[in-house]
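For reference, the structure is listed below as structure tokens.
Only heavy atoms go into these numbers, but all of them, side chains included; no hydrogens, no water, no symmetry mates. Just follow the structure's listing: the first ligand is 1, and inside any ligand the first atom is 1.
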Amino acid sequence: MKRIGILTSGGDAPGMNACIRAAVRTALAHDLVIVGIRRGYTGLIAGDTVPLDRKAIRNTIHLGGTILETSRNKDFYTREGRLRAAAAIERMGLDGVILIGGEGTFHGATLLAADTDTAALVGVPGSIDNDVYGTDYCIGFDTAANCAVQAIDRIRDTARSHERLFFIEVMGRTAGFLALESGIAGGAEELVIPEEEVSIDRISDRIREGFIVGKKSAIVVVAEGEAPGISFRIAREVGERLAFDSRVVVLGHLQRGGPPTMRDRVLGSLLGVAAIEALLEGRSGCMVGERGGDLTCTPLEDTWQKKKPLDEDLVRIFSFLSE
Ligand code: F6P
């Protein structure tokens with residue numbers, strides 16, 4: 001292992017820069033050459049690289065987004081696109097590639113590994129959705145969840161003042177991690193998550209019950225699911241059952257930006273080092289992660305084919321903490 005490439009792909013997540021920085025520092029400590037591949041799979045296919053030395057990663061640990069930029073590249077789902085990427089890896093002389101991203105990134109990496117064995121591939125989980133199997137937390141989740149909690153706190157002030165019902169939509173396309181944890185931390189009255197069927201009756205009943213026991217306002221945290229904007233429909237349908245003034249707030253990409261929290265910087269650093277060490281140990285086709293406080297390596301195909309479940313205890317406690 002002499003020359004390594006590193007890229008970020010899919011949705012950016014705060015803490016990705018801490019991970020890049022840690023990987024660069026660890027690589028240099030082992031006398032490896034490390035290059036950045038720009039704009040995710042788009043740059044991988046094009047062989048678009050930037051040199052990564054100490055100077056390039058200096059003063060980046062506190063920055064959100066990704067200094068390498070990112071993309072969602074559909075060409076990678078075609079064999080032709082992957083063969084072009086494999087050829088570029090060979091041209092760039094890479095022995096290993098570190099891919100920081102989420103489910104889509106690892107799906108692409110699994111397909112690439114099946115088409116070519118040009119270089120060892122090691123993944124690092126970075127996704128605010130936290131929906132990657134094989135790690136308790138993904139880089140970026142903590143920052144995004146804290147952003148959602150701050151928003152809920154602010155909205156609670158105005159909800160209480162006006163005696164209103166608020167629907168706050170958070171990200172999380174196929175998973176309710178962000179909604180569940182920010183809902184608990186923000187003291188939400190009700191949750192809508194992709195893991196459970198949406199029940200307008202249940203939402204309305206629970207809010208009505210809250211009003212009966214003296215609540216004057218309520219907050220429903222809604223995971224966007226496959227269709228961002230879903231909370232407008234839910235608010236309208238609940239509004240038809242309850243005579244209560246309501247408003248909708250969609251947090252959207254606000255949750256993806258901003259300086260990473262301490263947890264995301266530490267997790268990014270830990271996994272950046274682990275990725276280089278995995279390559280040095282001769283590993284390939286796996287994703288480094290952290291489970292129960294231990295560093296782990298999960299086969300790439302499991303990271304997106306297996307469904308990561310919500311924490312059952314959190315789901316259980318939400319149901320009575322929100323009463
Ligand atoms: O994958 C992370 C995520 O932020 C999802 O929560 C969201 O549905 C999606 O990305 C938005 O993607 P884009 O930035 O391409 O609109």
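- Among protein heavy atoms, the minimum distance from atom 9 (C) of ligand 1 is reached at R72 NH2, 3.6 Å.
- One finds the OG1 atom of T26 at 9.5 Å from the CD1 atom of I4 (value rounded to the nearest 0.5 Å).
- Annotation for ligand 1: atoms under 4.0 Å from non-hydrogen atoms of I128 are 4 (O).
- Remark: distances from the non-hydrogen atoms of G172 to ligand 1 include one below 4.0 Å.
- Screening V249, D129, V221, I193 against V170 for a side chain to side chain contact (heavy atoms under 4.5 Å, CB included) leaves a single residue, V221.
- Checked for salt-bridge contact, K215 and E189 meet the test: a charged N lies under 4.0 Å from a carboxylate O.
- An N or O contact shorter than 3.5 Å links R256 to ligand 1 by distance.
- Formation of a donor-acceptor pair under 3.5 Å by the R265 side chain with backbone atoms of P260 is found in this model.
- For atom 6 (O) of ligand 1, the nearest non-hydrogen atom of the protein is D129 OD1, 2.6 Å.
- Remark: the backbone N or O of E169 is not paired with any side-chain donor or acceptor of S231 at under 3.5 angstrom.
- T143 and D264 share a donor-acceptor pair across their side chains, judged by distance under 3.5 Å alone.
- Here atom 16 (O) of ligand 1 lies nearest to H253 when heavy atoms of M171, E226, H253 are compared.
- The distance from ligand 1 to the heavy atoms of E224 drops below 4.0 Å at these ligand atoms: 5 (C), 6 (O), 7 (C), 8 (O).
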